[in-house]
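Okay, structure first, notes after.
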Amino acid sequence: QVQLVESGGGLVQAGGSLRLSCAASGPTFTGNAMGWFRQPPGKEREFVAAISRNGVTKYYADSVKGRFTISRDNARYTVDLQLLDLKPEDTATYYCAADNRVSAGSVSSLEMSYVYWGQGTQVTVSR
């Protein structure tokens, strides 16, 4: 089992940046592809970014491509999401998730693929 704890959220002006971090418990972290999802106020949770077990494959939602960067450190059991050029529509609760079923070099953008979830961290972007 993997426990996930997100941090780094906050209030930022449009055009600003944040760095979200997700700390995972246990050595099984390296056996999981990792993803970030977000849930805007009043909307469904949506995919943001994912990274494969070895960090080679990365995949982004079109809405964040070129602005957000996902990375992981398998020695520290962390996965980060760098958010640049933030927009008001990026306001959401951001969740870290782990997928222990996807093959080694692959990632998934499907919420149903992810087994373990963090509690979320709030990102608010003001105009």
Side-chain angles (χ1 to χ4, degrees):
Q1 189 169 356
V2 178
Q3 292 183 322
L4 305 172
V5 178
E6 303 96 335
S7 62
L11 173 64
V12 63
Q13 288 187 329
S17 63
L18 284 172
R19 188 176 185 89
L20 307 184
S21 187
C22 174
S25 64
T28 56
F29 173 76
T30 55
N32 290 265
M34 300 299 296
W36 284 94
F37 289 75
R38 66 186 182 186
Q39 186 167 18
K43 297 184 179 180
E44 297 292 317
R45 190 155 56 185
E46 62 186 22
F47 170 76
V48 175
I51 188 167
S52 61
R53 296 179 193 176
N54 60 7
V56 173
T57 302
K58 301 178 183 181
Y59 183 64
Y60 298 93
D62 287 343
S63 59
V64 306
K65 200 171 296 182
R67 299 188 299 122
F68 292 7
T69 302
I70 190 170
S71 61
R72 67 186 294 161
D73 185 335
N74 283 345
R76 296 175 58 240
Y77 302 156
T78 59
V79 57
D80 290 352
L81 186 69
Q82 178 70 51
L83 291 64
L84 301 177
D85 190 23
L86 282 161
K87 304 176 181 181
E89 52 263 42
D90 294 319
T91 294
T93 301
Y94 283 71
Y95 297 91
C96 172
D99 178 359
N100 65 358
R101 297 176 291 191
V102 72
S103 57
S106 299
V107 296
S108 174
S109 61
L110 300 178
E111 191 171 332
M112 66 177 67
S113 297
Y114 292 81
V115 178
Y116 304 109
W117 292 83
Q119 294 299 305
T121 186
Q122 179 66 36
V123 171
T124 303
V125 184
S126 63
R127 298 186 183 276

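In this chain, residues are counted from 1 in sequence order.
Residue pairs meeting the salt bridge (charged side-chain N to carboxylate O under 4.0 Å, His left out) criterion with at least one member in residues 103-127, sequence neighbours excluded, are R45-E111. Residues in residues 97-126 take part in no disulfide (SG to SG under 2.5 Å) pair, two or more places apart or across chains. Identified under the salt bridge (charged side-chain N to carboxylate O under 4.0 Å, His left out) test for residues 9-25, with sequence neighbours left out: R19-D80. Each disulfide (SG to SG under 2.5 Å) pair with one or both residues in residues 64-113, not counting sequence neighbours, appears once here: C22-C96.
Side-chain atoms of S21 do not come within 3.5 Å of backbone N or O of S7 as any donor-acceptor pair. Judged purely by atom type and a 3.5 angstrom limit, S25 uses its side chain to pair as donor or acceptor with the backbone of Q3.
The hydrophobic cluster containing L11, built from Ile/Leu/Val/Met/Phe/Trp/Tyr side-chain heavy atoms closer than 4.5 Å, comprises no other residue. As a member of the Ile/Leu/Val/Met/Phe/Trp/Tyr network built from side-chain separations under 4.5 Å, M112 groups with L110.
The distance from atom CG of N74 to atom CE of M34, rounded to the nearest 0.5 Å, is 9.5 Å. Note that CZ of R53 is 9.0 Å distant from OG of S106, once rounded to the nearest 0.5 Å.
Criterion: ILVMFWY side-chain heavy atoms under 4.5 Å apart, direct or through other members. Under it, I51 and V115 are part of a common hydrophobic cluster. Hydrophobic clustering (side-chain heavy atoms under 4.5 Å, transitive across Ile, Leu, Val, Met, Phe, Trp, Tyr) keeps V102 apart from Y60. Both V48 and V79 sit in one connected hydrophobic cluster of ILVMFWY residues. Membership requires side-chain heavy atoms under 4.5 Å apart, directly or through other members. A chain of hydrophobic side-chain contacts below 4.5 Å, direct or via other Ile, Leu, Val, Met, Phe, Trp or Tyr residues, connects I70 to V64. Taken together through direct or relayed side-chain contacts under 4.5 Å among Ile, Leu, Val, Met, Phe, Trp and Tyr, Y114 and W36 form parts of separate hydrophobic clusters.
In terms of the side chain to side chain contact (heavy atoms under 4.5 Å, CB included) criterion, residue partners of V2 (sequence neighbours excluded) are, by chain and number, L4, A24, T28, N32, Y116. Shown here are the side chain to side chain donor-acceptor pair (under 3.5 Å) partners of K65, two or more places apart in sequence or in another chain: D62. Judged as a ring-ring contact (aromatic ring centres under 6.0 Å, His included), and not counting sequence neighbours, the contacts of Y59 are F47. Qualifying side chain to side chain donor-acceptor pair (under 3.5 Å) partners for T69, counting only residues two or more places apart in sequence or in other chains: none. Every residue two or more places apart in sequence or in another chain that forms a side chain to side chain donor-acceptor pair (under 3.5 Å) with N54 is listed here: S52.
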Output a table of donor-acceptor pairs, distance under 3.5 Å, between side-chain atoms of residues 85-92 and any protein atom two or more places apart or on a different chain; print 'none' if there are none.
residue	atom	partner	partner atom	Å
D90	OD1	R38	NH1	2.9
D90	OD1	R67	NH2	3.0
D90	OD2	R67	NH1	2.8
D90	OD2	R67	NH2	3.4
D90	OD2	K87	N	2.8
T91	OG1	P88	O	2.9
T91	OG1	V125	N	2.9
T91	OG1	V125	O	3.4

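Closest of all the heavy-atom pairs between G8 and L18 is O-CD2, 3.8 Å. The nearest pair of heavy atoms linking T78 to F29 is O-CZ, 3.6 Å. The minimum heavy-atom distance between F37 and S109, with the atom names listed, is CE2-O, 3.8 Å. In plain terms, the two heavy atoms of S17 and L84 that are nearest each other are CB-CD2, 3.6 Å.
The aromatic rings of F68 and Y94 sit tilted, their planes meeting at an angle between 30° and 60°. The aromatic rings of W117 and Y95 lie perpendicular to each other, with more than 60° between the two planes, well past the 30° mark.
The local environment of CD in Q122 is crowded, with over 12 non-hydrogen atoms from other residues, nucleotides or ligands closer than 6.0 Å.
Side-chain contact check for S108 versus R101: every heavy-atom pair is 4.5 Å or farther apart.
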